[in-house]
Amino acid sequence: MGKRRAARCALCGEVRLVTKEHVVPRGLYPQSKADSRFQRIVIPTCATCNNGTSDDDVHFRNVVTIAGDQNSSVTELWEGPITRSFGKVDGRRRAQDLLALMSPIEQETGERYMIYPARDPRVLRIVRKIVRGLSYRHGLRWPVSDEEVFVDVLKTQIPENLIESLEVAHAEPDILDYRYGRIEDTTGLESGWLLRFYERTVFIGIVFESVEAYRGLQSAGASNIFETELGG
Ligand SMILES: [Zn+2]
């Protein structure tokens, strides 16, 4: 979209030809919310950082809107652009992408399908990109590289005092709302993020001071990163 000019890209920090791109992929918004104040927020990004992500944006939207109860924004998306996207040439592939993420769960009443967004590297990459864009937007360190961000679907209960310590940055609650906070410690963690999409799927994000800081913690056992470093 829009005009190109030479400037520092908000995502990689290189001086390149940049265009203004939405922090939150446009496709996540139904038509009725297309003019929302938050959705209009854009950051300068280069073609390299944007390359290849628009297809992932569509997949991300399909994944985070498919499970659970639907709010009205989700309903509007399913009745419009999502259904249309399945009817297109690549619709069959998109449907297969979704099916690949679902696992049947045996229940007394028969099989039920659960969807696991955190198993999909494309979904996680989009969440990391949103966190990197928001880091720029909120005047935290930038650029933040893709390798400096950890994201996962939130599986544990978060301590109440931690949630309250985070800054509320309600964007558009029925599409995305999020909280964030700087982390003041010496373990290489820089900021923490909670992003909730469509009032249900919650992702946790952690931005590290450097790739080395992230790797150091990973080798120390990253599966419990949240409990060990932020909990309590
Ligand atoms: Zn870039």
Side-chain angles (χ1 to χ4, degrees), residues 1-29 34 36-64 81 85 90 94 97 117-118 120-153 167 169 171-172 175-183 188-195 197 203-218 222 225:
M1 60 174 282
K3 273 188 297 194
R4 287 162 170 264
R5 63 191 171 91
R8 277 187 81 193
C9 168
L11 297 179
C12 68
E14 301 292 327
V15 176
R16 292 200 170 129
L17 283 177
V18 297
T19 53
K20 290 177 177 173
E21 299 293 333
H22 296 270
V23 175
V24 178
R26 238 193 312 193
L28 295 191
Y29 283 74
S36 80
R37 206 157 50 99
F38 186 77
Q39 175 54 5
R40 284 204 300 267
I41 294 166
V42 290
I43 55 172
T45 55
C46 73
T48 308
C49 288
N50 284 315
N51 255 358
T53 57
S54 67
D55 190 64
D56 289 354
D57 290 346
V58 173
H59 179 63
F60 175 85
R61 177 195 66 196
N62 293 350
V63 169
V64 293
S85 83
D90 58 355
R94 291 201 186 288
D97 287 349
D120 189 322
R122 287 191 290 164
V123 166
L124 297 179
R125 187 162 72 105
I126 294 292
V127 181
R128 289 197 300 271
K129 195 177 168 194
I130 293 173
V131 167
R132 294 163 64 207
L134 289 175
S135 191
Y136 172 90
R137 150 147 170 81
H138 288 290
L140 304 175
R141 177 176 65 90
W142 73 278
V144 170
S145 77
D146 186 61
E147 293 79 26
E148 291 170 323
V149 187
F150 164 88
V151 296
D152 199 354
V153 170
E167 204 144 335
E172 196 81 63
I175 293 158
L176 164 65
D177 67 344
Y178 62 97
R179 290 167 179 256
Y180 70 97
R182 285 176 204 267
I183 300 170
L189 283 71
E190 193 171 80
S191 60
W193 299 77
L194 287 176
L195 301 96
F197 292 90
F203 289 88
I204 175 173
I206 294 170
V207 176
F208 289 82
E209 282 168 9
S210 63
V211 179
E212 291 69 34
Y214 185 4
R215 294 214 182 109
L217 222 77
Q218 260 181 321
I225 184 172

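As the structure lists them, so they are numbered: ligands from 1, and atoms in each ligand from 1. The first residue of the sequence shown is numbered 1, and numbering continues consecutively from there.
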Asker: Which residues and atoms, counting only protein N, O or S, are under 2.8 Å from the Zn ion (ligand 1)?
Answerer: C9 SG, C12 SG, C46 SG, C49 SG

Asker: If you apply the rule side chain to side chain contact (heavy atoms under 4.5 Å, CB included), what do you find for D120 with F60, and how did you get there?
Answerer: CA-CA 9 Å; D120 189 322; F60 175 85; over 6 Å; no

Asker: Strictly distance-based, threshold 3.5 Å: is any side-chain N or O of R8 a donor or acceptor partner for the main-chain N or O of G13?
Answerer: yes

Asker: Would you give me the side-chain donor-acceptor pairs under 3.5 Å for residues 129-136, sequence neighbours excluded?
Answerer:
unit_1	atom_1	unit_2	atom_2	d
K129	NZ	N50	OD1	3.3
K129	NZ	T53	OG1	3.1
R132	NE	V144	O	2.7
R132	NH2	L11	O	3.2
S135	OG	R141	O	3.1

Asker: Classify the ring geometry of H138 against W193: parallel below 30°, tilted from 30° to 60°, perpendicular beyond 60°.
Answerer: tilted

Asker: Which heavy atom of V151 sits nearest a heavy atom of L124, and at what distance?
Answerer: CG2-O, 3.5 Å

Asker: Are more than 12 heavy atoms, taken from residues, nucleotides or ligands other than R122, located less than 6.0 Å from that residue's CZ atom?
Answerer: yes

